[in-house]
Amino acid sequence: MVIQWYPGHMARAKKEMIASLKLVDMVIELSDARIPYSSRNPDIDGLAAGKIRMIILNKADTAEEKITSKWLEYYKEKGIPALAIDSRNSGSKKKIMEAIMKAAEIKFERDRKKGILKRPVRVMVCGIPNVGKSTLINTIAGKASAKVGNKPGVTKGNQWIRLNEKVELLDTPGLLWPKFEDQTVGSNLAFIGSINDEILSRYDLSISLVERLKAYPGKINERYGVDESVPSADIIKAIGEAKLLLKKGGEVDEEKACRMLIDDFRSGKLGRISLESPDKGDSNVSEETGV
Ligand SMILES: Nc1nc2c(ncn2[C@@H]2O[C@H](COP(=O)(O)OP(=O)(O)OP(=O)(O)O)[C@@H](O)[C@H]2O)c(=O)[nH]1
Ligand SMILES: [Mg+2]
């Protein structure tokens, strides 16, 4: 299965993002803590050059804490402020606001020197689809200002949200890039729900996910009570049998079994799983930018 998804609305969103970048001081890029490398759009480094930067490893509740800490250490070494959070949790608000105000200090200082006292820091929140950008903004705002949903492409256009006299946030639509050179990146993005499911084979995706979950022996067994030592195709069937996902004639509904497995991974019900680590020698860290 070859995965590519760069619909026309994304090319338009990119243009809109480039136009809005002129208006912002800071760019907060959300990535998914389970795949911090694959979930970062390689275009953003270039587009956001010269801006104050911050990286958020979102959905940290679904990733292994030990590996997320290694990623935070990795960004610390690069000198890029990074945070790991569950953006649905209102407790994250304080942590994010403190990080924004700390990172923005340089801008406020610059303004003060110019005699500008009342200009807020303008912050663009960007990242791939479905990574939690709008959820994060709602949590910080303390109300449902931006539309959220568990599928890619929920936010259709840029939307400003004024938090207070010091901070304004810009919600943006999820952005991918025209070609995934490495198909592991493509499937990682599909696992977390950043690719439109309609263009994917759920069956092929589930087989790849079962293969990847071999790094976490016991997770599938714990959740569905099935034997993990059999071939991947039989694991899918066994999940359908165990969960009574049957068609009319009593045959296993594999489509439903695949959907359950993928949804359970996406929501973290399979447990904390990290698919990428920053350990040295891992091919999943960009040689070019080192980020
Ligand atoms: N487990 C978990 N789920 C989250 C977290 N943040 C967001 N979600 C869920 O992820 C889904 C997508 O959230 P959105 O905020 O709509 O994502 P988005 O990045 O704005 O998506 P687009 O606008 O489509 O690009 C929703 O079902 C959220 O509840 C998190 O930190 N942890
Ligand atoms: Mg959104």
Side-chain angles (χ1 to χ4, degrees), residues 5-14 16-17 20 27-36 38-41 43-44 54-65 67-68 71-72 82-97 99 123-161 169-177 188-200 219 223 259 262-275:
W5 192 50
Y6 193 66
H9 69 78
M10 261 180 217
R12 284 193 294 280
K14 185 172 172 183
E16 209 181 325
M17 179 182 174
S20 300
V27 173
I28 297 185
E29 184 185 348
L30 263 73
S31 62
D32 186 299
R34 292 164 290 187
I35 51 164
S38 297
S39 60
R40 289 197 57 211
N41 183 336
D43 291 343
I44 302 221
M54 190 187 300
I55 289 175
I56 288 189
L57 295 152
N58 196 34
K59 308 199 183 184
D61 53 297
T62 62
E64 241 191 286
E65 278 167 301
I67 297 182
T68 302
W71 279 105
L72 291 176
L83 288 180
I85 54 163
D86 170 353
S87 68
R88 295 165 311 169
N89 184 338
S90 58
S92 304
K93 178 176 172 171
K94 191 164 169 257
K95 206 170 161 185
I96 305 160
M97 283 309 286
V123 185
M124 173 184 279
V125 177
C126 66
I128 59 164
N130 201 38
V131 74
K133 300 174 291 300
S134 302
T135 304
L136 172 93
I137 288 179
N138 288 343
T139 294
I140 309 181
K143 58 180 183 198
S145 304
K147 191 175 168 196
V148 304
N150 199 5
K151 59 177 188 180
V154 172
T155 304
K156 306 284 185 217
N158 289 0
Q159 184 191 351
W160 281 104
I161 286 130
L169 297 172
L170 180 64
D171 191 14
T172 62
L175 203 60
L176 292 167
W177 54 104
N188 284 345
L189 292 169
F191 293 150
I192 64 160
S194 290
I195 308 271
N196 184 354
D197 280 328
E198 304 305 314
I199 68 144
L200 299 168
K219 293 276 188 206
R223 174 99 190 136
R259 199 181 281 253
I262 294 168
D263 286 350
D264 286 352
F265 172 75
R266 287 181 183 166
S267 63
K269 286 187 188 136
L270 279 172
R272 289 175 175 266
I273 293 166
S274 295
L275 295 178

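Numbers here simply count residues along the sequence, with the first being 1. Remember, it's 1-based here, ligands and their atoms both numbered in the order they're listed. Please read these numbers as outputs of a predicted model, since none were measured by experiment.
- Applying the 4.0 Å criterion to heavy atoms of D61 picks out, from ligand 1, the atoms 1 (N), 2 (C), 30 (C), 31 (O), 32 (N).
- Put simply, part of S87 is less than 4.0 Å from ligand 1, judged by heavy atoms.
- With T62 contributing its side chain and K59 its backbone, the two residues share a donor-acceptor pair below 3.5 Å.
- At least one N, O or S atom of S134, from either the backbone or the side chain, sits less than 2.8 Å from the Mg ion (ligand 2).
- Checked by distance only, ligand 1 and V154 come closer than 3.5 Å through their nitrogen or oxygen atoms.
- Where the criterion is an N or O separation shorter than 3.5 Å, residue side chain and backbone included, D86 meets it with respect to ligand 1.
- Of all heavy-atom pairs spanning S20 and N158, the tightest one is OG-ND2, 2.7 Å.
- Residue contacts to the Mg ion (ligand 2): T155 brings an N, O or S atom closer than 2.8 Å.
- Contact check for L30 versus V125: side-chain heavy atoms found under the 4.5 Å cut-off.
- Checking M124, K133, R40 one by one against E29, the side chain to side chain contact (heavy atoms under 4.5 Å, CB included) holds for a single residue, R40.
- Heavy-atom proximity to G174, at under 4.0 Å, picks out these atoms of ligand 1: 25 (O).
- Listed by number with element, the atoms of ligand 1 under 4.0 angstrom from any heavy atom of T135 are 6 (N), 7 (C), 13 (O), 14 (P), 15 (O), 28 (C).
- Within ligand 1, the atoms closer than 4.0 Å to a non-hydrogen atom of G132 are 7 (C), 13 (O), 14 (P), 15 (O), 17 (O), 18 (P), 19 (O), numbered from 1 in the order shown.
- If you number the atoms of ligand 1 from 1 as listed, the ones under 4.0 Å from a heavy atom of K151 come out as 24 (O).
- Near N58, with a cut-off below 4.0 Å to any heavy atom, the atoms of ligand 1 are 5 (C), 6 (N), 31 (O).
- Residue G153 has at least one N or O atom closer than 3.5 Å to an N or O atom of ligand 1.
- Not one N or O of P152 is nearer than 3.5 Å to an N or O of ligand 1, by distance alone.
- Of the listed options S194, A60, G149, G149 places a heavy atom closest to atom 26 (C) of ligand 1.
- Within the listing of ligand 1, atoms 15 (O), 17 (O), 18 (P), 19 (O), 20 (O), 21 (O), 22 (P), 25 (O) sit less than 4.0 angstrom from a heavy atom of K133.
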